Amino acid sequence: DQQVKQNSPSLSVQEGRISILNCDYTNSMFDYFLWYKKYPAEGPTFLISISSIKDKNEDGRFTVFLNKSAKHLSLHIVPSQPGDSAVYFCAASRNSGNTPLVFGKGTRLSVIA
Amino acid sequence: DTEVTQTPKHLVMGMTNKKSLKCEQHMGHRAMYWYKQKAKKPPELMFVYSYEKLSINESVPSRFSPECPNSSLLNLHLHALQPEDSALYLCASSQADRRADTQYFGPGTRLTVL
């Protein structure tokens with residue numbers, strides 16, 4: 001049973017436009033959420049996180065929105081750049097030290113120049 | 001500095017070989033993790049070390065043997081692997097305190113078992 005779901009395996013966006021990547025979760029015990037970006041043959045790079053006490057966290061071009069009642073989060077990238085082309089993983093965990101991250105299957109973002 | 005280093009970058013081994021993967025971090029993190037990632041799949045957790053003690057083993061076969069010699073180092077000893085064990089092996093670390101914890105990943109070791 002997949003606890004973290006990224007239902008779009010791929011997304012194409014024009015350079016300069018907004019990219020919106022979506023993630024849904026089923027486990028109501030999750031209260032800490034992260035987005036990672038991954039290039040081929042490299043490890044995931046941490047992008048941004050959000051705790052369940054917030055509904056929005058912003059860092060430069062990246063904003064994560066959390067809707068707890070819908071068990072849904074999204075990552076907005078604006079403006080999108082060709083270098084943003086990668087696989088984006090959503091991950092979730094419970095708010096205590098060293099609990100395992102549960103990853104979604106990832107969404108491949110292609111930003112077209 | 002949020003760097004986790006892993007060596008080697010690539011490893012090819014036969015099914016009878018014994019090899020080790022190494023991971024190092026100098027961020028003062030007290031939790032370290034091994035993940036396995038197959039192509040087009042998310043990372044799958046294998047082991048968690050917390051304060052140099054094994055705290056989680058996700059039912060990993062005994063041909064994978066983790067070791068944490070000190071708080072900065074994490075090894076994964078490999079013996080009698082199967083071709084299906086070929087994957088990207090990722091190490092990660094985090095602070096391991098009571099707060100929500102961000103894990104930082106290394107670049108991975110691409111393992112091929114012949």
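First the proteins, then the strands, lettered A, B, ... as listed; each starts at 1. Computed from a predicted structure; not experimentally measured.
- When each of Pro9(A), Pro44(A), Gly104(A) is scored by its heavy-atom pairs under 4.5 Å with chain B, the top score falls to Pro44(A).
- Tyr88(A) is linked by a ring pair (Phe, Tyr, Trp, His ring centres under 6.0 Å) to nothing, counting only residues two or more places apart in sequence or in another chain.
- Residues Lys105(A) and Pro42(B) have side chains in contact (heavy-atom distance under 4.5 Å, counting atoms from C-beta outward).
- Criterion: ILVMFWY side-chain heavy atoms under 4.5 Å apart, direct or through other members. Under it, Met13(B) and Tyr89(B) are part of a common hydrophobic cluster.
- Cluster membership for Phe62(A) and Tyr39(A), using ILVMFWY side-chain heavy atoms within less than 4.5 angstrom, is not shared.
- Heavy atoms closer than 4.5 Å to chain A are found in the side chain of Gln37(B), but not in its backbone.
- Leu11(B) and Val60(B) end up in the same hydrophobic cluster when Ile, Leu, Val, Met, Phe, Trp and Tyr side chains are linked at under 4.5 Å.
- Contact annotation for Tyr36(A): only side-chain heavy atoms (C-beta onward) come within less than 4.5 Å of a heavy atom of chain B.
- For the atom pair OG1 of Thr102(B) and OH of Tyr32(A), the computed distance is 2.5 Å after rounding to the nearest 0.5 Å.
- Side-chain contact between Tyr35(B) and Leu101(A) is present, with heavy atoms from C-beta onward closer than 4.5 Å.
- Taking a 6.0 Å sphere around CZ of Arg17(A), one finds it holds 12 or fewer heavy atoms contributed by other residues, nucleotides or ligands.
- One hydrophobic cluster holds both Leu21(A) and Ile48(A) under the rule that ILVMFWY side chains link at heavy-atom gaps under 4.5 Å.
- Taking Arg108(A), Lys38(A), Gln6(A) one by one and counting their heavy-atom pairs under 4.5 Å with chain B, the maximum is reached by Lys38(A).
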